[in-house]
Amino acid sequence: MENRHIEEIILTNKKNGMAVLLLSIALYALAVAVVIFASIRLENGAHGAVTLLVIGIVYLCVGWIFWPGLKVLKPQEALVLTLFGKYIGTLRGEGFYFVHPFCAAVNPAAGTAPSTGSTNSVSRILRAATGVPGAAEREQTQRSKLSLKVMTLDNNKQKINDCLGNPVEIGIVVIWRIVNTAQAVFNVDNYVEFLSIQTDSALRNIVRMYPYDVAPNVDTTGDGVADEGSLRGSSEAVAERIRQEIQSKVDVAGLEILEARITYLAYAPEIAAVMLQRQQASAIIDARKMIVDGAVGMVEMALERLKANGVVELDEERKAAMVSNLLVVLCGSKDAQPVVNSGSLY
């Protein structure tokens, strides 16, 4: 792409706005004095008074032309400037600047940036209604500024099928900032919308590689070996892969993705109840398996202790009966009801 490697030009020698402002005010005061002086001399019929009067009036009419070139920036703000359609540079950092009066500040994402919410829209309407002088111009300048602060993008939850085809709902938050103002302004139409769309795309690409929970014979890393990766159990690894995927897509826009985090993860409502039953069944099976393993160990220990201590000699039939009774007692879900045999052992 030809514009992909557009160079950002930082204007570092333009912090002379205060000097230009004071000079323009002084020249206005001088022009007023010249007009008064020329008027007095004109009444006295002095030669050259008309020329001085014309010069003073002309400057009073056009002297304000320098003021549109005065730019004020707060910390972590930037202005991308163009002159007659040509990119001439970027102002970065706090300060009072003076640039060419015909320079225009460009910010294609002004209508969608975080600083242009509904509250600001109401403020613009109120200022326009009250007729505050220069309100529209000041508002346009404010909207043209690019924020270099770390910002957050919280996209809506999406419904995506995991690698097993199960629909899951997932939401992420992306921490990002602008690192190249020229690429952000000129390489894409709207860097905020571009980031949002690329985030959705990257999220779908990565989520489709993972199962919601650990599943057998699933390769999530692409090395050809089954692993235990999952959306629920490997959230850190999934988030890092999503961050890398987004970063690779937004490099052209001069954006840096600092972090991506999963904020919401759940099965889609249509299968949530079924998957809950499946998880409950799996938990019950695992618990029963642990109980059986423990019961078999206890029975083995009991038989070995009885034989070693010579308490009683049991034939194979009696051993089988004893094992059966012990397993029933140890593996039962309810307390066993004891039956006392007052007769002989046989």
Side-chain angles (χ1 to χ4, degrees), residues 4-6 8 10 74-78 80 90 92-94 107-117 145-163 168-214 218-223 227-268:
R4 181 168 186 150
H5 303 290
I6 184 171
E8 183 183 37
I10 306 298
K74 298 188 285 293
Q76 295 298 319
E77 286 186 344
V80 177
T90 299
R92 276 178 174 260
E94 71 276 12
N107 182 8
T112 53
S115 61
T116 57
K145 295 177 181 178
L146 275 71
S147 175
L148 304 180
K149 302 175 184 177
V150 176
M151 291 178 282
T152 302
L153 175 68
D154 188 2
N155 271 13
N156 294 329
K157 292 183 293 186
Q158 295 189 64
K159 184 185 295 185
I160 307 172
N161 291 341
D162 66 4
C163 69
V168 298
E169 289 186 345
I170 185 170
I172 65 169
V173 61
V174 177
I175 312 300
W176 63 284
R177 65 180 177 183
I178 299 174
V179 293
N180 189 312
T181 58
Q183 290 183 358
V185 170
F186 298 116
N187 277 4
V188 294
D189 184 57
N190 186 317
Y191 59 86
V192 175
E193 293 181 355
F194 181 78
L195 173 61
S196 178
I197 294 173
Q198 296 302 330
T199 298
D200 292 345
S201 175
L203 182 61
R204 290 183 176 276
N205 290 341
I206 299 302
V207 169
R208 288 170 181 166
M209 300 179 183
Y210 288 85
Y212 179 88
D213 213 340
V214 177
V218 175
D219 174 24
T220 63
T221 58
D223 58 0
D227 53 70
E228 295 185 352
S230 66
L231 296 174
R232 191 168 66 92
S234 308
S235 58
E236 293 289 336
V238 174
E240 178 60 21
R241 291 187 67 175
I242 294 174
R243 187 198 70 79
Q244 295 175 359
E245 180 80 4
I246 300 173
Q247 184 64 69
S248 66
K249 294 178 179 294
V250 301
D251 277 338
V252 66
L255 307 180
E256 180 185 5
I257 308 302
L258 302 176
E259 191 177 8
R261 291 294 177 189
I262 296 176
T263 57
Y264 180 85
L265 178 64
Y267 280 114

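When a residue number appears, it is its place in the shown sequence, counting from 1.
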Stepwise side chain to side chain contact (heavy atoms under 4.5 Å, CB included) test for Phe194 and Val250: CA-CA 8 Å; Phe194 181 78; Val250 301; 4.0 Å; yes
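- What you find for Ser235 and Ile262 is that their closest heavy atoms are O-CD1, 4.3 Å.
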Before giving the answer on side chain to side chain contact (heavy atoms under 4.5 Å, CB included), spell out for Asp200 and Asn156 the whole-Å C-alpha distance, their side-chain angles and the decisive distance to 0.1 Å. CA-CA 9 Å; Asp200 292 345; Asn156 294 329; over 6 Å; no
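- For the atom pair CG of Leu258 and CD of Gln247, the computed distance is 8.5 Å after rounding to the nearest 0.5 Å.
- Residue Ala239 comes nearest to Ala260 through the heavy atom pair CB-O, 3.1 Å, listed as atom of the first residue, atom of the second, then distance.
- Across all their heavy atoms, Lys159 and Arg204 have their closest contact at O-NH1, 3.6 Å.
- The two residues Val168 and Leu231 make their nearest non-hydrogen contact at CG2-CD1, 4.3 Å.
- Of the possible polar contacts, none joining the Ser234 side chain to the Ala237 backbone as a donor-acceptor pair under 3.5 Å is found.
- Salt bridge present: Arg261 and Glu236 bring a charged side-chain N and a carboxylate O closer than 4.0 Å.
- Side chain of Thr220 to main chain of Tyr210: no donor-acceptor pair is present (N/O by atom type, distance under 3.5 Å, no hydrogens or angles).
- Across every non-hydrogen atom of Asp162 and Tyr212, the tightest pair is OD2-N, 3.0 Å.
- Side-chain contact between Ile246 and Arg243 is absent, with no heavy-atom pair separated by less than 4.5 Å.
- If you take CD1 on Ile172 and CG on Asn155, they are separated by 6.5 Å, rounding to the nearest 0.5 Å.
- To the nearest 0.5 Å, atom OG1 of residue Thr181 and atom CD1 of residue Ile10 are 5.5 Å apart.
- For the pair Lys249 and Asn205, the minimum side-chain heavy-atom distance is below 4.5 Å.
- Of all heavy-atom pairs spanning Asn190 and Ala109, the tightest one is OD1-CB, 3.3 Å.
- Side-chain contact between Glu8 and Arg92 is present, with at least one heavy-atom pair separated by less than 4.5 Å.
- Here the straight-line distance linking atom CG of Asp213 with atom CD of Glu228 works out to 10.5 Å at 0.5 Å rounding.
- Of the charged side-chain nitrogens involved, none lies within less than 4.0 Å of a carboxylate oxygen, so that Glu245 and Arg241 do not count as a salt-bridged pair.
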Between Glu94 and Lys74, is the side chain to side chain contact (heavy atoms under 4.5 Å, CB included) condition met? List the steps. CA-CA 4 Å; Glu94 71 276 12; Lys74 298 188 285 293; 5.5 Å; no
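- In this structure, the separation between CG on Asp227 and OG1 on Thr221 is 4.5 Å, given to the nearest 0.5 Å.
- Interatomic distance, CD1 of Ile178 versus CD of Gln183, reported as 11.5 Å (0.5 Å rounding).
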Show your reasoning for whether side chain to side chain contact (heavy atoms under 4.5 Å, CB included) applies to Leu195 and Ile257. CA-CA 10 Å; Leu195 173 61; Ile257 308 302; 3.8 Å; yes
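- Looking only at side-chain heavy atoms (C-beta outward), Asn107 and Tyr191 come within less than 4.5 Å of each other.
- With hydrogens and angles ignored, the 3.5 Å screen pairs no side-chain donor or acceptor of Ser196 with any backbone N or O of Val192.
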